[in-house]
Amino acid sequence: MKTLVDKLRDEHSLTAEEYRDLLSCTDTETLEHLRVQAQMVALSRFGNKVYLRGLVEIGNVCKNNCFYCGIRKSNVRLKRYRLNRDNIVECCRHGYELGYRTFVLQGGEDPGMSDEKLEDVVIALRKEFPDCAITLSVGERSRETYERLFKAGANRYLLRHETYNPQHYKSLHPRIMVQENRLRCLNDLKEIGFQTGTGIMVGTPLQTLDHLVEDIKFIEQFQPEMIGIGPFIPHKETPFATCPAGDIDLTLRLISIFRLISPAALIPATTAMAALSPGGRERAVLAGANVAMPSLTPTIHQKKFKIYDHKPFEGANPEESYEMLSRRMEAIGYVVSGERGDYTNE
Ligand code: 5AD
């Protein structure tokens, strides 16, 4: 089995059967070999650096009803909020002072956040922070909208495909959400020129190893610049409230596999990892992740952007979040960096 890991490291690809073997492997030596190889590939590309992205959760209003997500439309228990342009710019200004040179604006699919408003936000940020990367994560929109946002100055876009298997996709989303549209969005984003991120949740209800193999094969072929993976975590106000959480070790294994498939990819150590286990983010970095996304969201709203339960305490304010993450990374021999850290494949 160790030779499979070496083959993946050298050729960046395996057959579906080989991926399946790696995902179901129980040999601890092979698994440690996988982790170490992934960590070494990341170290040789990025050094012991973890790029920080300042995350601004711009609103939790959402028209969708994804079965897994805590900010789904039908969650009437949730207090909804929406930041306006000046609020968002202010968050980024604060982040800039702390050293962030990438801002990620993430929000639900909010009909109240029109294309014009979003474009206006991007224009304002581009003007004030010409040296920063602007990343958007606001769901499925039309190609025309993506084009406008790109022209306005956005550089990157995050949109997880969640699962590549169409049946499985249907079991996670209401019928009105069609997978074709999600894939259409991803293709448009890439063609327009966005550095594009996609990814999955690990351990969603009814997910099988074969589904994960399909996800891996999709990512191999799509070649996203960013790959976001985190364990599924049940949220009590969703139809999946009583489902078990995803497996953290399987998630780590997937991070390592993606690192070997794509040495230059930006792979976050997600907050969901930290939510499931206190050292989750550190373990993700040691398995090949190289990005973290501390929050710049105003403290009064942070609790409302709750897509899953047990979201960890991230520090009372952006300074503390930055400090906390910086200390955690130093403890495992890494240093955080606010620099843009664009994808390059030289
Ligand atoms: N558990 C883990 N991740 C979740 N996401 C949404 N709901 C959950 C949950 N319950 C992830 C999805 C989405 C991203 C913003 O958060 O993958 O794309």
Side-chain angles (χ1 to χ4, degrees), residues 52-64 66 69-73 75-130 132-141 145-146 148-160 194 197 228 235 237 268 270-272 292-308 311-322 325 338:
L52 294 190
R53 315 311 194 186
L55 176 66
V56 184
E57 290 143 325
I58 62 172
N60 65 357
V61 182
C62 192
K63 66 173 199 267
N64 291 332
C66 306
C69 185
I71 68 168
R72 65 201 306 270
K73 181 183 172 188
N75 181 3
V76 292
R77 296 250 169 110
L78 187 67
K79 266 223 173 89
R80 304 285 171 168
Y81 75 95
R82 176 187 300 129
L83 302 185
N84 64 28
R85 185 192 62 188
D86 293 346
N87 301 148
I88 296 170
V89 172
E90 186 52 44
C91 293
C92 295
R93 209 172 274 148
H94 194 171
Y96 193 91
E97 284 162 15
L98 287 172
Y100 292 100
R101 294 297 177 267
T102 294
F103 304 117
V104 181
L105 312 189
Q106 185 163 67
E109 290 196 16
D110 175 4
M113 184 50 104
S114 64
D115 296 346
E116 290 71 28
K117 279 191 192 165
L118 205 51
E119 190 181 25
D120 204 34
V121 172
V122 174
I123 290 171
L125 291 176
R126 180 46 65 229
K127 183 155 174 262
E128 183 160 341
F129 309 107
C132 293
I134 301 171
T135 305
L136 299 175
S137 179
V138 288
E140 298 177 17
R141 303 221 170 202
T145 300
Y146 289 150
R148 273 172 72 175
L149 296 169
F150 188 75
K151 281 206 191 92
N155 317 91
R156 307 178 187 154
Y157 205 102
L158 306 176
L159 182 67
R160 290 188 183 172
F194 279 100
H235 184 292
E237 301 296 336
T270 54
T271 310
M293 295 162 63
S295 180
L296 290 175
T297 310
T299 317
I300 48 156
H301 296 308
Q302 258 186 44
K303 278 205 272 316
K304 292 181 242 163
F305 200 86
K306 201 171 166 218
I307 45 190
Y308 45 78
K311 218 172 156 180
F313 177 71
E314 296 280 12
N317 53 44
E319 283 80 3
E320 271 190 26
S321 307
Y322 187 104
L325 205 76

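- Side-chain contact between Glu57 and Gln302: present, with at least one pair of heavy atoms (C-beta onward) separated by less than 4.5 Å.
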TODO: Test side chain to side chain contact (heavy atoms under 4.5 Å, CB included) on Leu98 and Leu52 and set out the steps.
DONE: CA-CA 11 Å; Leu98 287 172; Leu52 294 190; over 6 Å; no

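- Panel note: side chain Tyr308, backbone Ala272; a donor-acceptor pair is recorded below 3.5 Å.
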Open item on the list: Let's go through Val104 and Met293 carefully: what are the C-alpha distance in whole Å and the side-chain angles of both, what is the deciding distance for side chain to side chain contact (heavy atoms under 4.5 Å, CB included) to 0.1 Å, and is it a yes or a no?
Closed with: CA-CA 8 Å; Val104 181; Met293 295 162 63; 3.9 Å; yes

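- The closest donor-acceptor contact from the side chain of Asn60 to the backbone of Lys79 lies under 3.5 Å.
- With values rounded to the nearest 0.5 angstrom, Arg80 atom CZ is found 7.5 Å from Cys62 atom SG.
- A donor-acceptor pair under 3.5 Å links the side-chain atoms of Asn84 to the main chain of Asp86, judged by distance alone.
- For Lys73, the salt bridge (Lys or Arg N to Asp or Glu O under 4.0 Å) criterion is met by no residue, not counting sequence neighbours.
- By the salt bridge (Lys or Arg N to Asp or Glu O under 4.0 Å) test, Arg156 is found to be paired with Asp342, residues two or more places apart in sequence or in another chain being considered.
- Less than 6.0 angstrom separates the ring centroid of Tyr100 from the ring centroid of Tyr322.
- Remark: the backbone N or O of Gly70 is paired with a side-chain donor or acceptor of Asn75 at under 3.5 angstrom.
- Of the possible polar contacts, one joining the Arg101 side chain to the Tyr96 backbone as a donor-acceptor pair under 3.5 Å is found.
- Here the side chains of Lys304 and Ile71 are not in contact, with every heavy-atom distance at 4.5 Å or above.
- Side-chain contact check for Leu83 versus Cys91: some heavy-atom pair is nearer than 4.5 Å.
- By the salt bridge (Lys or Arg N to Asp or Glu O under 4.0 Å) test, Arg148 is found to be paired with Glu116, Glu119, residues two or more places apart in sequence or in another chain being considered.
- Side-chain atoms of Arg85 do not come within 3.5 Å of backbone N or O of Leu118 as any donor-acceptor pair.
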